[in-house]
Amino acid sequence: MSQIQSDPSTHNNLRPAFMTPQKLLPVEKCSLGCPILDCCMGGGIPCNSITEIVAESGSGKTQLCLQLSLRAQLPPFLGGLSASSLYLYTEFPFPTRRLHQLSSALQCQYPQIFVSNYDPCDSIFLQSVNTADQLLDIMPQVESFLENSKTRLPVRVIVIDSMAALFRAEFENTASDLIRRSSLFFKISGKLKEFAKRFNLVVLVTNQVMDVVDSGEGLNEVRIGNLSGMYSSGRRVCPALGLSWANCVNSRLFLSKDEYESGLVGGGESGFLSRETRRRLHVVFAPHLPDLSCEFVIRREGVVGVNR
Ligand SMILES: Nc1ncnc2c1ncn2[C@@H]1O[C@H](COP(=O)(O)OP(=O)(O)OP(=O)(O)O)[C@@H](O)[C@H]1O
């Protein structure tokens with residue numbers, strides 16, 4: 001058992017005796033390439049833990065995952081990890097065209113890094129996954145890939161897009177299925193955490209949302225994190241993978257989107273209202289982050305934060 005040495009005059013003496021200076025080193029982070037987004041996330045997506053992006057469909061989860069996988073290849077002085085990525089996708093087809101668009105934009109931004117015959121897409125290793133059991137079954141392969149792969153850059157990013165899709169159809173709402181589901185959550189996240197720690201990886205997973213239905217007795221669901229409620233497209237939502245899964249991730253980010261009437265296009269009686277989508281990234285919980293949020297837009301070149 002660890003002992004707390006209590007000397008009220010110094011905070012350093014309040015740490016457990018087993019803690020070594022190495023454990024206090026700052027956690028490496030992978031930048032998303034935008035100062036506003038990075039600032040909201042304390043410098044980027046952290047290594048050595050599992051980060052989850054939760055949002056409804058069309059919010060930008062996949063776009064952020066692709067962006068991170070590409071930018072991880074940049075050297076640390078440009079915010080990357082000099083690393084390649086393993087991208088496990090569960091929704092089909094894989095968005096190849098969008099990956100190429102983002103890759104071209106990155107090559108244009110850093111021609112000195114991506115010299116003419118080098119395609120950043122070659123450092124993203126794709127694997128399709130159809131079921132949660134299959135995801136667990138391929139963990140030994142993933143481990144040996146992390147250990148032994150002769151890739152140009154070491155693999156230091158694992159993306160699972162989307163974790164929720166693996167659990168959507170296969171499980172009923174029965175007690176036995178709920179137990180099997182939770183057991184898979186803990187086995188999968190246990191392996192991912194082990195890899196994240198051993199290989200100092202960024203692990204990024206996506207989760208969907210579902211609508212919160214008010215039973216008429218008020219909304220008394222368990223509240224996780226620092227959001228009093230999650231709203232997207234004017235609806236109250238909650239993460240599709242429930243409380244057991246929430247305990248499996250270290251950090252949770254929520255992307256919301258809402259449509260606004262942004263003005264009248266045309267004029268007079270023939271004018272019509274134009275609509276604009278406003279998107280926000282919120283930190284729901286993270287051991288290293290305060291309650292922050294920022295607005296963002298999705299462009300051909302990627303996701304970027306905006307100050308309004
Ligand atoms: N090249 C682009 N330029 C502008 N916007 C884009 C571009 N590519 C995608 N988008 C926007 O991103 C949204 C889709 O984002 P994305 O697929 O990342 O969302 P998602 O949250 O992963 O959705 P799903 O859960 O359905 O996979 C689209 O609705 C579109 O508005």
Side-chain angles (χ1 to χ4, degrees), residues 30 32-34 36-37 40-41 45 50-72 85 87-109 120-121 124 126-130 132 135 157-169 202-211 227 230-235 237-241 245 249 251-262 274-284 293-306:
C30 185
L32 283 165
C34 162
I36 296 172
L37 294 178
C40 195
M41 289 183 280
I45 308 288
I50 303 180
T51 303
E52 179 200 64
I53 305 176
V54 60
E56 68 169 301
S57 182
S59 299
K61 300 184 292 294
T62 298
Q63 202 77 7
L64 276 171
C65 291
L66 297 173
Q67 187 163 329
L68 179 92
S69 305
L70 286 164
R71 298 200 77 98
S85 305
Y87 201 108
L88 306 174
Y89 64 99
T90 68
E91 291 180 304
F92 305 90
F94 176 80
T96 309
R97 197 177 59 85
R98 278 161 59 190
L99 177 64
H100 283 287
Q101 265 179 3
L102 291 171
S103 170
S104 304
L106 192 67
Q107 279 174 294
C108 291
Q109 193 180 356
C121 296
I124 298 181
L126 300 177
Q127 170 70 51
S128 64
V129 183
N130 294 291
L135 178 59
V157 174
I158 295 181
V159 171
I160 303 177
D161 182 22
S162 104
M163 186 65 85
L166 294 176
F167 290 89
R168 206 159 29 206
V202 165
V203 178
L204 186 61
V205 301
T206 64
N207 187 358
Q208 313 274 351
V209 294
M210 55 190 192
D211 287 358
L227 279 191
M230 292 176 166
Y231 290 87
S232 190
S233 297
R235 304 183 324 262
V237 294
C238 66
L241 304 176
W245 177 251
V249 299
S251 306
R252 171 171 279 170
L253 308 170
F254 169 55
L255 310 181
S256 63
K257 61 173 184 171
D258 280 293
E259 279 202 358
Y260 290 85
E261 288 168 357
S262 56
S274 65
R275 300 182 77 80
E276 182 193 338
T277 303
R278 291 231 177 132
R279 302 172 189 274
R280 282 196 91 77
L281 180 149
H282 312 255
V283 176
V284 183
S293 76
C294 68
E295 196 168 335
F296 67 92
V297 292
I298 305 178
R299 299 201 182 116
R300 202 184 148 82
E301 312 75 47
V303 177
V304 285
V306 287

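Values in this document were obtained by computation on a predicted structure and should not be read as measured data. Just so you know, ligand 1 is whichever comes first in the structure, and atom 1 is the first atom listed for that ligand. Numbering of residues begins at 1 and proceeds along the displayed sequence.
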To check your reading of the model: name the closest protein heavy atom to [atom], its residue, and the distance in Å.
atom                    : answer
atom 3 (N) of ligand 1  : Arg300 N, 3.5 Å
atom 7 (C) of ligand 1  : Ile298 CG2, 4.2 Å
atom 21 (O) of ligand 1 : Lys61 NZ, 2.9 Å
atom 19 (O) of ligand 1 : Gly60 N, 3.0 Å
atom 27 (O) of ligand 1 : Thr62 OG1, 3.7 Å
atom 26 (O) of ligand 1 : Ser57 OG, 2.5 Å
atom 14 (C) of ligand 1 : Gly58 CA, 3.9 Å

Quiz item: Considering Gln63, Lys257, Arg98, Arg279, which one's heavy-atom position lies nearest to atom 31 (O) of ligand 1?
Solution: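 Considering heavy atoms of Gln63, Lys257, Arg98, Arg279, the nearest to atom 31 (O) of ligand 1 sits in Arg279.
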
Using a strict cut-off of 4.0 Å, indicate which atoms of ligand 1 neighbour a heavy atom of [X].
X      : result
Gln101 : 1 (N)
Glu56  : 21 (O)
Arg299 : 3 (N)
Gln208 : 25 (O)

Quiz prompt | Stepwise side-chain contact (heavy atoms from CB on, under 4.5 Å) test for Leu253 and Met41 | solution = CA-CA 9 Å; Leu253 308 170; Met41 289 183 280; 3.5 Å; yes

Self-check item: Any side-chain donor near an acceptor of the partner, Arg280 and Ser293, under 3.5 Å
Solution: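 On atom types as modelled, these side chains qualify, holding a pair under 3.5 Å.
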
Practice problem: Scan side-chain atoms only and decide if Gln208 and Ser57 contain a donor-acceptor pair under the 3.5 Å cut-off. | Solution: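 Judged by distance alone, the side chains do not pair up.
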
Quiz item: If you measure from CD on Gln63 to CD on Gln101, what distance do you get to the nearest 0.5 Å?
Solution: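 CD of Gln101 is found 7.5 Å from CD of Gln63.
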
Practice problem: Might you confirm whether atom CZ of Arg300 has over 12 heavy atoms from other residues, nucleotides or ligands at distances under 6.0 Å? | Solution: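 No, because the 6.0 Å sphere around CZ of Arg300 holds 12 heavy atoms or fewer from other groups.
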
Quiz item: Do other residues, nucleotides or ligands put more than 12 heavy atoms under 6.0 Å from the CZ atom of Arg299?
Solution: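 No, CZ of Arg299 has 12 or fewer neighbouring heavy atoms, counting only those of other groups under 6.0 Å.
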
Quiz prompt | Full working for salt bridge (charged side-chain N to carboxylate O under 4.0 Å, His left out) between Glu295 and Arg278 | solution = CA-CA 7 Å; Glu295 196 168 335; Arg278 291 231 177 132; 3.7 Å; yes

Quiz prompt | side chain to side chain contact (heavy atoms under 4.5 Å, CB included) partner of Glu52, the single match among Ile160, Val205, Val284 | solution =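 Passing option: Val205.
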
